[in-house]
Visitor: 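Take this structure, written in structure tokens, and hold onto it; I'll ask about it next.
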Amino acid sequence: MRRTDRGMVTIELAVGLLTAGLAVVLACWVVNLVILQTRCADTAAQVARQLARDDQPAAQQAQQRAPKGATTRISHAERTVTVRVDLDARLGKLGPVHLVGGATADLEPGVTR
């Protein structure tokens, strides 16, 4: 009985396509993580800036633009306000990846805490 390599190209192509598809999915997830990290940092900066101006409604609006599932922590020091936005991102069972964005702003003149 003679053995042939018939069908090997099909198997190799299937494995290659599966690997390429997995690589694309992981690359998209990494790009999404970078975007979420940037959104966390931007939200923290906006909230800190608005609180430094003592503009509570604008700070609440900025806080609502945080990524879904994010938590925001605000702390006040003598003349500064610090905001930290935390988010755990997942890709199915892969993860969680903990993302943090933080910002500190000096209180505007005339604003007291």
Visitor: Side-chain donor-acceptor contacts of residues 22-29 below 3.5 Å, not counting sequence neighbours, with atom names and distances?
Guide:
none

Visitor: Sequence neighbours excluded and cut-off under 3.5 Å, please list the side-chain donor-acceptor pairs for residues 62-69, or say none.
Guide:
{"residue": "Arg65", "atom": "NH2", "partner": "Gln46", "partner atom": "OE1", "Å": "3.3"}

Visitor: Going by heavy atoms in the side chains, are Arg79 and Asp106 under 4.5 Å from each other?
Guide: no
Visitor: Short question: side chain of Gln37, backbone of Val100 - any donor-acceptor pair under 3.5 Å?
Guide: yes
Visitor: How many angstroms lie between CD in Glu78 and CG in Leu107, if you round to the nearest 0.5 Å?
Guide: 9.5 Å
Visitor: Excluding sequence neighbours, so at least two apart, what forms side chain to side chain contact (heavy atoms under 4.5 Å, CB included) with Glu108?
Guide: Arg53, Val111
Visitor: Would you please test Gln56 and Leu51 for side-chain contact (heavy atoms from CB on, under 4.5 Å) and show each step?
Guide: CA-CA 6 Å; Gln56 296 294 331; Leu51 289 174; 3.6 Å; yes
Visitor: By salt bridge (Lys or Arg N to Asp or Glu O under 4.0 Å), which residues pair with Arg39, not counting sequence neighbours?
Guide: none
Visitor: Please go through Ile35's hydrophobic cluster and name the other residues, only I, L, V, M, F, W, Y counting, with side-chain heavy atoms under 4.5 Å joining them.
Guide: Val31
Visitor: Quick one: closest heavy-atom pair of Ala105 and Ala52, and the distance?
Guide: CB-CB, 3.9 Å
Visitor: What pair of heavy atoms forms the shortest contact from Leu33 to Leu99, and how long is it?
Guide: O-CD1, 3.9 Å
Visitor: Just list the side-chain donor-acceptor pairs under 3.5 Å for residues 86-94, sequence neighbours left out, or say none.
Guide:
{"residue": "Asp86", "atom": "OD1", "partner": "Arg84", "partner atom": "NE", "Å": "3.0"}
{"residue": "Asp86", "atom": "OD1", "partner": "Arg84", "partner atom": "NH2", "Å": "3.1"}
{"residue": "Asp86", "atom": "OD1", "partner": "His98", "partner atom": "NE2", "Å": "3.1"}
{"residue": "Asp86", "atom": "OD2", "partner": "Arg73", "partner atom": "NH2", "Å": "3.3"}
{"residue": "Asp86", "atom": "OD2", "partner": "Arg84", "partner atom": "NE", "Å": "3.2"}
{"residue": "Asp88", "atom": "OD1", "partner": "His98", "partner atom": "ND1", "Å": "2.7"}

